[in-house]
Participant: 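Below you'll find the structure I mean.
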Amino acid sequence: MWSDNETKEDLLGYQVHADLLKEVVLDPTMLPISIGIFGDWGSGKSSLMLLMKEEIEQWMKEDVHKKEMVVQIQFNSWQFENYEDTKLTLIETVLSAIEKDLREKQNIIKNGMDFLKKIKYLKLGMFFLKKIGQQMVPEEILKLLPTKEEWKKELIEDDAKLLIDDVSKGNTAKFVERFRENFEKIVDGAGYRSIIVYIDDLDRCESTRIIQCLEAVKLFVNVKRTAFVIGADERIIEHAIEERYKHKIEKNTISSPYSDYMEKLIQLPYRIPRLSYSEQETYITLLLCSKIDDEQFKTIHQKFLEFRKKDKHTKYDIKCIRRDNNKLEFGKVEELLPILPIMTKFLNGNPRQLKRFLNTFDMRMRMAKVAGFENIKPEILVKMMVLEYNSVLRENIDDLYCRQRNNGLVSDMEEVEKQSKAGRLTSGSWTTLWNKPEAVLWLASKPSLAKVNLQDYFWISREALKIETPMENKVSNVVRTAYIRLKKNQTVRAMKRALAKEVKEFTREEKDMLVLLLHQELAENIGSGTVIRFLDADENNELVSSLSLLKIMFDGIETAKLPATYAKFLKKMQGKADCKKYVEDMEKSTSLINALK
């Protein structure tokens with residue numbers, strides 16, 4: 001099994017990105033700066049930030065840099081989402097980290113105790129701002145404040161007086177201005193080269209929390225020697241800004257893809273591209289090698305990193321690994337190499353999905369061993385599994401299962417594979433569900449299933465039939481948050497406007513994810529008004545656009561219980577040639593039949 005957590009072990013060739021970003025945040029001429037590390041769900045944003053942090057820690061251990069004042073601060077916004085005010089919690093986290101760093105280094109910092117007092121002043125200010133946020137009246141706040149005499153022991157007297165005056169008068173803007181001034185004095189006076197704050201998982205938070213974090217960053221954006229590194233899917237951030245400020249985000253395609261707000265906040269957008277086919281093959285091969293032996297893999301990994309420094313383009317395949325590690329044995333890895341072409345061809349190049357796919361594959365191979373199935377071939381199992389993980393092919397696995405004979409063979413598979421290599425199916429019942437480009441490509445791909453008994457493969461994969469993998473493994477944060485927003489629309493008219501706007505930039509795969517969420521809601525509540533609002537609002541069939549997606553929509557649903565409100569949607573689908581027979585054959589209630597008439 002492979003861990004699904006972020007890692008400092010670079011198998012994606014992200015070292016070059018980490019090195020570049022390290023140079024930026026340690027360059028005094030570039031600070032202050034805010035960097036947005038943007039990428040899709042599972043693209044490796046967290047791992048890149050962790051790798052960057054590790055690089056800076058190694059840099060600080062070098063003799064020439066040991067006296068450099070650098071502090072790195074980690075803030076996971078999702079973990080703090082339930083706190084009263086995420087903005088103030090982030091600021092407190094920054095202050096506490098600097099306070100800890102100053103205490104450890106106070107012997108080498110001139111006037112170190114004065115800086116610690118200023119930190120305490122700022123932290124107390126944050127505490128009182130939280131109280132104001134809870135709408136406590138000034139008199140009640142005053143009761144909470146220590147006396148001036150008590151504060152003299154801990155704070156610089158002038159600062160204490162100013163804080164009492166600001167807070168008691170509810171003058172938070174004045175305090176924020178003074179906060180920035182004091183923070184700059186601490187950073188400058190203590191001699192910090194760079195204060196680096198990593199904000200991760202921002203795109204998992206609700207819109208209000210996202211904006212609170214961004215506003216906290218905005219407070220520091222112009223403070224000398226600070227760098228904020230934010231990892232997120234930028235589409236979710238843009239939606240949060242739009243919800244907060246109630247205006248459509250205009251994108252200038254000539255100069256910048258950001259709204260004015262994003263341009264001011266994120267000074268350096270840094271996007272992680274999807275893995276190419278060769279990068280996918282390299283990544284999967286290294287994952288397989290990581291299971292050989294920990295010590296041996298350290299050598300393999302180090303050779304890979306050295307190779308990537310010289311060559312950023314060529315895939316680092318098993319031939320390269322053998323060449324660079326000629327004393328190692330790769331027997332188990334080589335047995336699994338036939339799975340690479342089918343994985344790279346049908347999965348979407350997302351590192352998280354590739355790793356989760358391999359984990360499922362590993363569990364099924366273990367299951368085969370425990371069950372006593374000695375003839376399971378890895379490449380055939382993987383070919384079957386990609387039907388589950390490819391959004392366009394999900395329902396094909398059930399169809400294939402139904403086509404088995406008693407001996408586990410699919411009788412006309414040899415002829416169908418021959419037709420698929422010619423580019424089009426002409427064999428009877430196969431032409432409806434399998435005559436789409438992805439399915440034809442799948443049938444034409446090696447290994448052939450023409451003379452393969454599929455019974456054992458279906459047995460160890462039986463959880464894949466109907467309901468295959470957990471919903472959280474199939475739906476990205478972008479789609480899930482869009483779905484939550486869309487559900488708030490209580491009329492078809494409102495839903496129509498919102499839906500067109502949300503799915504405008506969705507890929508086909510993301511639209512399919514939305515259909516999966518609708519199916520889940522329908523399965524939980526067949527009378528759900530939300531589902532029918534979605535379907536009626538989708539006038540141009542952006543979501544349920546084909547027979548295969550229509551089948552996914554109603555898979556396992558007792559359609560005889562569907563209310564008459566589904567008549568409009570079903571009538572529309574009945575008008576599509578490939579969906580007509582499916583709609584006609586559906587079980588329907590009397591009220592729905594009458595409504596269709």
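Keep in mind that what you see is a predicted model, and the values were worked out from it rather than measured.
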Participant: How far apart are the closest heavy atoms of Leu486 and Glu502, and which atoms are they?
Facilitator: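 Shortest heavy-atom separation between Leu486 and Glu502 comes out as CD2-CG, 3.7 Å.
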Participant: With a 4.5 Å cut-off on side-chain heavy atoms, are Arg533 and Thr491 touching?
Facilitator: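 Thr491 vs Arg533: side chains apart.
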Participant: Mind checking side chain to side chain donor-acceptor pair (under 3.5 Å) for Glu334 and listing every partner two or more places apart, or none if nothing turns up?
Facilitator: Arg322
Participant: Which residues pass the side-chain contact (heavy atoms from CB on, under 4.5 Å) test with Gln419, not counting sequence neighbours?
Facilitator: Glu415, Leu425, Thr426, Ser427
Participant: If you define the side chain from C-beta out and look only at heavy atoms, does anything of Leu499 sit under 4.5 Å from Leu543?
Facilitator: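 Side-chain contact under 4.5 Å: yes.
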Participant: With side-chain contact (heavy atoms from CB on, under 4.5 Å) as the criterion, how do Lys576 and Leu547 come out once you've worked through the C-alpha distance, each side chain's angles and the decisive distance to 0.1 Å?
Facilitator: CA-CA 9 Å; Lys576 295 172 68 70; Leu547 175 61; over 6 Å; no
Participant: Taking all heavy atoms of Ala439 and all of Asn396, pick out the closest pair and write down the distance.
Facilitator: CB-ND2, 4.0 Å
Participant: Go through the structure and list residues passing side-chain contact (heavy atoms from CB on, under 4.5 Å) with Arg403, not counting sequence neighbours.
Facilitator: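 side-chain contact (heavy atoms from CB on, under 4.5 Å) list for Arg403, sorted by chain: Asp399, Val410, Ser429, Trp430, Trp434.
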Participant: What closest approach, in Å, do Asn350 and Ser43 show between heavy atoms, and which atom pair accounts for it?
Facilitator: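 Shortest heavy-atom contact: ND2-N, 4.1 Å.
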Participant: Could you check if a side-chain atom of Ser461 sits within less than 4.5 angstrom of a side-chain atom of Met384, using non-hydrogen atoms only?
Facilitator: no
Participant: Decide yes or no on side-chain contact (heavy atoms from CB on, under 4.5 Å) for Met586 and Leu570, but give the supporting numbers first.
Facilitator: CA-CA 10 Å; Met586 280 175 59; Leu570 292 176; 4.0 Å; yes
Participant: Taking salt bridge (charged side-chain N to carboxylate O under 4.0 Å, His left out) as the definition, give me every residue that meets it alongside Lys571, ordered by chain and number, with sequence neighbours left out.
Facilitator: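 If we apply the salt bridge (charged side-chain N to carboxylate O under 4.0 Å, His left out) test to Lys571, skipping adjacent residues, there are no hits.
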Participant: Which residues satisfy the ring-ring contact (aromatic ring centres under 6.0 Å, His included) test with Tyr483, sequence neighbours excluded?
Facilitator: Phe534
Participant: Taking salt bridge (charged side-chain N to carboxylate O under 4.0 Å, His left out) as the test, write out the residues that go with Lys511, two or more places apart.
Facilitator: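 Listed in chain order: Glu542.
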Participant: Among Ile376, Asn375, Val370, exactly one meets side-chain contact (heavy atoms from CB on, under 4.5 Å) together with Phe373. Which residue is that?
Facilitator: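 That would be Ile376.
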Participant: Return the set of residues passing ring-ring contact (aromatic ring centres under 6.0 Å, His included) with Tyr14 (not counting sequence neighbours), or none when no residue passes.
Facilitator: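 Scan of Tyr14 (ring-ring contact (aromatic ring centres under 6.0 Å, His included), adjacent residues dropped) gives His17.
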Participant: What's the shortest heavy-atom distance between Ile266 and Ile230, and which atoms?
Facilitator: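 Between these two residues, the closest heavy atoms are CD1-CD1, 3.7 Å.
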Participant: Answer yes or no: does atom NZ of Lys451 have more than 12 heavy-atom neighbours from other residues, nucleotides or ligands under 6.0 Å?
Facilitator: no
Participant: Anything under 30° is parallel, anything over 60° is perpendicular, the rest tilted; go ahead and classify Tyr566 against Phe554.
Facilitator: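 Because their plane-to-plane angle is over 60°, the rings of Tyr566 and Phe554 count as perpendicular.
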Participant: Taking ring-ring contact (aromatic ring centres under 6.0 Å, His included) as the test, write out the residues that go with Phe357, two or more places apart.
Facilitator: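 Checked Phe357 against ring-ring contact (aromatic ring centres under 6.0 Å, His included); matches are Tyr389.
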Participant: Any chance CZ of Arg508 has more than 12 other-residue heavy atoms, nucleotides or ligands included, within less than 6.0 Å?
Facilitator: yes
Participant: Which residue pairs pass the side-chain hydrogen bond (donor to acceptor under 3.5 Å, both in side chains) test with at least one member in residues 277-286, sequence neighbours excluded?
Facilitator: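 Residue pairs with at least one partner in residues 277-286: Ser276-Ser278, Ser276-Glu279, Glu281-Lys315.
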Participant: Against Ile284, only a single residue in Leu347, Leu275, Thr344 fulfils side-chain contact (heavy atoms from CB on, under 4.5 Å); can you say which?
Facilitator: Thr344
Participant: Please list, chain by chain and in numerical order, all residues satisfying side chain to side chain donor-acceptor pair (under 3.5 Å) with Asp585, sequence neighbours excluded.
Facilitator: Lys581
Participant: Would you sort out whether Asp536 and Lys572 count as a side-chain contact (heavy atoms from CB on, under 4.5 Å), showing the intermediate values?
Facilitator: CA-CA 9 Å; Asp536 283 348; Lys572 182 172 60 173; 6.0 Å; no
Participant: With a 4.5 Å cut-off on side-chain heavy atoms, are Leu48 and Leu12 touching?
Facilitator: no
Participant: Checking Glu414 now: which residues fulfil salt bridge (charged side-chain N to carboxylate O under 4.0 Å, His left out) with it, not counting sequence neighbours?
Facilitator: none
Participant: Are Leu449 and Tyr457 close enough that some pair of their side-chain heavy atoms sits under 4.5 Å apart?
Facilitator: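 When only atoms from C-beta onward are counted, Tyr457 and Leu449 do not touch, as no gap falls below 4.5 Å.
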Participant: Quick one: list whatever passes salt bridge (charged side-chain N to carboxylate O under 4.0 Å, His left out) with Glu584, sequence neighbours left out.
Facilitator: Lys580
Participant: Are Met343 and Leu358 close enough that some pair of their side-chain heavy atoms sits under 4.5 Å apart?
Facilitator: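 Contact flag for Met343/Leu358 side chains = yes.
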Participant: Using the rule given for side-chain contact (heavy atoms from CB on, under 4.5 Å), can you reason through Ile460 versus Met363, listing the C-alpha separation, both sets of side-chain angles and the distance that settles it, and then say yes or no?
Facilitator: CA-CA 9 Å; Ile460 60 175; Met363 287 301 293; over 6 Å; no
Participant: Looking only at non-hydrogen atoms, find the nearest pair between Ala498 and Asn489 and report the distance.
Facilitator: CB-ND2, 3.4 Å
Participant: Do the side chains of Ile342 and Glu379 get nearer than 4.5 Å, heavy atoms only?
Facilitator: no
Participant: Assign the ring pair Phe304 / Tyr316 to parallel, tilted or perpendicular, where the plane angle (0 to 90°) is split at 30° and 60°.
Facilitator: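 Plane angle between 30° and 60°, so tilted.
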Participant: Work out which heavy atom in Leu287 is nearest to a heavy atom in Leu11; give both atom names and the distance.
Facilitator: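 Answer, listing the atom of Leu287 first, then Leu11: CD2-CD1, 3.6 Å.
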